[in-house]
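In what follows, a structure is listed as structure tokens, so that the remarks can point back to it.
Note that these values count all heavy atoms, side chains included, but never hydrogens, waters or copies made by symmetry.
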Amino acid sequence: EYRASSVIQSLREEKVTEAFLFPNSFRVAWIATMSRIRYRTGYRRYFRGPLLTDTLEPNRKWRFGKITPSPIIDDYNRIVMQRGVANPGY
């Protein structure tokens, strides 16, 4: 397992300017923020909204009173499209 401090240091040294945060974890958003990454795009979940510069709301589809599952690739595509990338498709 990588220590957060070493990941942060590496990202700062590489001068990363943009991060697409696919995992919906607070830790990933915190690491990107502490790494001084200018653009941090991801879903506003698990109290991480303030750590992101570009946020999306989860796309929830309801059917018969329940959330219907959808392919995760659709959620990932929405994240990159938020920053102007053409729809990568499947």
Side-chain angles (χ1 to χ4, degrees):
E1 178 180 322
Y2 293 101
R3 291 184 181 260
S5 60
S6 63
V7 172
I8 291 167
Q9 182 180 357
S10 295
L11 291 170
R12 283 182 182 177
E13 289 171 1
E14 291 292 324
K15 298 184 178 165
V16 175
T17 59
E18 190 164 7
F20 298 110
L21 307 179
F22 297 119
N24 287 319
S25 73
F26 182 86
R27 182 176 189 261
V28 168
W30 180 81
I31 288 173
T33 302
M34 293 297 104
S35 300
R36 299 184 187 133
I37 296 175
R38 184 172 181 174
Y39 301 106
R40 302 174 304 276
T41 306
Y43 285 100
R44 184 188 338 238
R45 304 177 91 178
Y46 308 112
F47 307 104
R48 67 192 208 141
L51 301 176
L52 303 175
T53 58
D54 293 301
T55 62
L56 296 102
E57 292 296 328
N59 187 18
R60 298 210 169 117
K61 298 177 186 173
W62 293 85
R63 185 174 176 173
F64 305 117
K66 295 182 178 180
I67 297 175
T68 57
S70 62
I72 194 70
I73 190 72
D74 292 341
D75 292 334
Y76 291 169
N77 286 348
R78 283 185 63 215
I79 290 173
V80 297
M81 289 167 42
Q82 178 75 10
R83 292 287 303 148
V85 175
N87 187 343
Y90 287 96

Side-chain contact test, heavy atoms from C-beta onward, threshold under 4.5 Å: evaluate it for Leu21 versus Thr41 and give yes or no.
no
Minimum-distance pair of heavy atoms, taken over all atoms of Thr55 and Gly49:
CG2-O, 3.9 Å
When the aromatic ring centroids of Phe26 and Tyr46 are compared, is their separation below 6.0 Å?
no
Rounded distance [0.5 Å steps], CD in Glu57 versus CZ in Arg78
9.0 Å
Closest heavy-atom pair, Arg48 versus Pro23, reported as atoms and distance to 0.1 Å, is NH1-O, 3.0 Å
For Ala19 and Ile37, work out which heavy atoms get closest and say how close.
N-CG2, 3.8 Å
Answer yes or no: are there more than 12 heavy-atom neighbours, outside Glu14 itself, under 6.0 Å from its atom CD?
no
When you compare the side chains of Thr33 and Arg40, does any donor N or O come within less than 3.5 Å of an acceptor on the partner?
yes
Are Glu18 and Arg38 within salt-bridge range, i.e. N to O under 4.0 Å?
no
Sub-4.5 Å side-chain heavy-atom contact between Pro88 and Val80:
yes
Transitively linked via ILVMFWY side-chain contacts under 4.5 Å: Val7 with Met34?
yes
So do Tyr76 and Ile72 actually touch side chain to side chain, heavy atoms under 4.5 Å?
yes
Report yes if the side chains of Arg83 and Asp54 come closer than 4.5 Å at any heavy-atom pair, otherwise no.
yes
About how many Å separate OG of Ser35 and NZ of Lys15, when rounded to the nearest 0.5 Å?
14.0 Å
Side chains of Tyr90 and Asn77, donor plus acceptor under 3.5 Å
no
What closest approach, in Å, do Ile73 and Gly89 show between heavy atoms, and which atom pair accounts for it?
CG1-O, 4.0 Å
Pairwise distance CD1(Ile31) to OG(Ser25) - rounded to 0.5 angstrom
7.5 Å
With clusters defined by side-chain heavy atoms of hydrophobic residues (ILVMFWY) lying less than 4.5 Å apart, directly or transitively, does Met81 cluster with Tyr39?
no
Any heavy-atom pair between the side chains of Tyr43 and Leu52 that's under 4.5 Å?
no
